[in-house]
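Everything below concerns the one structure shown next.
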Amino acid sequence: MATFLLKTEPDDYRYADLQRDGRTVWDGVANATACLHMRAAKAGDAALIYETGGHKRVTGLARLVSEPYADPERPDLTKAGEIKFVVFDLEPVAEATKDGATLAAIKADPRFGGFELVTQSRLSAMPVPATLDRALRAMAGLPSR
DNA sequence: GCCAACGTTGGC
DNA sequence: GCCAACGTTGGC
């Protein structure tokens, strides 16, 4: 069971919106590397929701309730004929009970030195190694599973 | 295939 | 609001 970190702009869609909706299609990711990461996800995987802008922290935990699939709104193919834009469906699991998983705290913690959130600017979807997953959940006050 | 120009993201 | 970091586009 893998965990991914998904960025969202709070003006666009927040964890609170996911709680309100109960389920959503996680779309809008256009970056090739981010889409590649998303394609590696599987139904049942966990997703840490990270809000950019004025928040810059993990605000909640969600779960994939579908496999990745082609975005019906953007049925583009790559030159190799593969699906270019991938989406999946999410359901909320738990809201963060602590605001400790901030970007500042992540940057200050040497355990996250190689984490793509820090090393790869603008990447909006990335896998979270198990050790970092545990650390982030502890910092955000999220259930460990 | 190279690379300059341009657009976007997202922290500050 | 600024701009660094990056991806994409298009002329050649």
Side-chain angles (χ1 to χ4, degrees), chain A residues 2-42 45-143:
Chain A
T3 297
F4 292 81
L5 183 142
L6 303 175
K7 277 189 197 171
T8 186
E9 296 173 50
D11 288 346
D12 181 26
Y13 200 83
R14 293 183 292 154
Y15 187 75
D17 296 319
L18 178 59
Q19 287 183 307
R20 177 201 62 208
D21 295 343
R23 178 176 180 133
T24 197
V25 178
W26 198 261
D27 58 9
V29 176
N31 176 273
T33 305
C35 273
L36 201 70
H37 287 323
M38 288 176 70
R39 293 174 63 135
K42 292 188 164 45
D45 282 352
L48 295 164
I49 306 301
Y50 171 93
E51 295 184 13
T52 60
H55 298 177
K56 294 199 288 292
R57 60 189 169 89
V58 174
T59 55
L61 177 66
R63 190 165 303 287
L64 272 74
V65 289
S66 79
E67 302 288 338
Y69 58 96
D71 186 347
E73 303 288 325
R74 300 176 299 170
D76 307 51
L77 297 179
T78 64
K79 284 176 185 173
E82 298 189 313
I83 294 160
K84 195 169 183 182
F85 300 114
V86 172
V87 301
F88 42 55
D89 297 355
L90 292 184
E91 282 182 7
V93 174
E95 187 175 15
T97 57
K98 298 181 194 169
D99 64 359
T102 63
L103 180 64
I106 290 167
K107 280 186 167 177
D109 190 329
R111 286 179 296 177
F112 294 98
F115 188 36
E116 284 181 279
L117 183 69
V118 178
T119 63
Q120 184 76 19
S121 89
R122 305 194 300 151
L123 186 64
S124 56
M126 69 203 77
V128 183
T131 53
L132 301 185
D133 182 21
R134 281 193 291 275
L136 285 172
R137 292 188 196 213
M139 292 158 76
L142 287 166

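Below, read A as the first sequence line, B as the second, and so on, with proteins coming before strands; counting in each chain starts at 1.
In this model, the phosphate group of dG11(B) is approached by a side-chain N or O of Y50(A) to a distance below 4.0 Å at OP1 or OP2. OP1 or OP2 of dG10(B) has at least one side-chain nitrogen or oxygen of K7(A) nearer than 4.0 Å. Within the 4.0 Å cut-off from OP1 or OP2 of dT9(B), not a single side-chain nitrogen or oxygen of K56(A) is found.
Between the CG atom of L36(A) and the C1' atom of dC6(C) there is a distance of 17 Å, given to the nearest Å. If you measure from atom NZ of K84(A) to atom P of dT8(C), you get 8 Å, rounded to the nearest angstrom. The interatomic distance linking H55(A) (NE2) with dC12(B) (C1') rounds to 16 Å, in whole Å. Distance R57(A) CZ to dG11(B) P: 13 Å, rounded to the nearest Å. Straight-line distance from the CG atom of L123(A) to the C1' atom of dG10(B): 12 Å, rounded to whole Å. For the pair Y13(A) OH and dT9(B) P, the computed distance is 19 Å after rounding to whole Å. Rounded to an integer number of Å, the gap from CD of E9(A) to C1' of dG11(B) is 13 Å. Between E116(A) atom CD and dA5(C) atom C1' there is a gap of 15 Å when expressed in whole angstrom units.
When each of dG11(B), dG7(C), dA5(C) is scored by its nearest atom to the side-chain atoms of Q120(A), the top-ranked nucleotide is dG7(C). Closest approach to the A32(A) side chain among dT8(C), dA5(C), dG11(B) is made by dT8(C) (side chain taken as heavy atoms from C-beta onward). Nearest nucleotide to the S124(A) side chain, out of dG10(B), dT8(C), dC6(C): dG10(B).
Between the K107(A) side chain and the V118(A) main chain, no donor and acceptor come within less than 3.5 Å of each other.
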**Q.** Verdict with supporting geometry, R122(A) and N31(A), side-chain contact (heavy atoms from CB on, under 4.5 Å)
**A.** CA-CA 9 Å; R122(A) 305 194 300 151; N31(A) 176 273; 5.9 Å; no

Q | Derivation and outcome, side-chain contact (heavy atoms from CB on, under 4.5 Å), residues K56(A) and Y50(A) | A | CA-CA 7 Å; K56(A) 294 199 288 292; Y50(A) 171 93; 3.5 Å; yes

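Ionic pairing of R74(A) and D76(A) is not present here: no N-O contact between side-chain nitrogen and carboxylate oxygen is shorter than 4.0 angstrom.
A 4.5 Å side-chain heavy-atom check between L48(A) and R137(A) finds at least one atom pair inside the cut-off.
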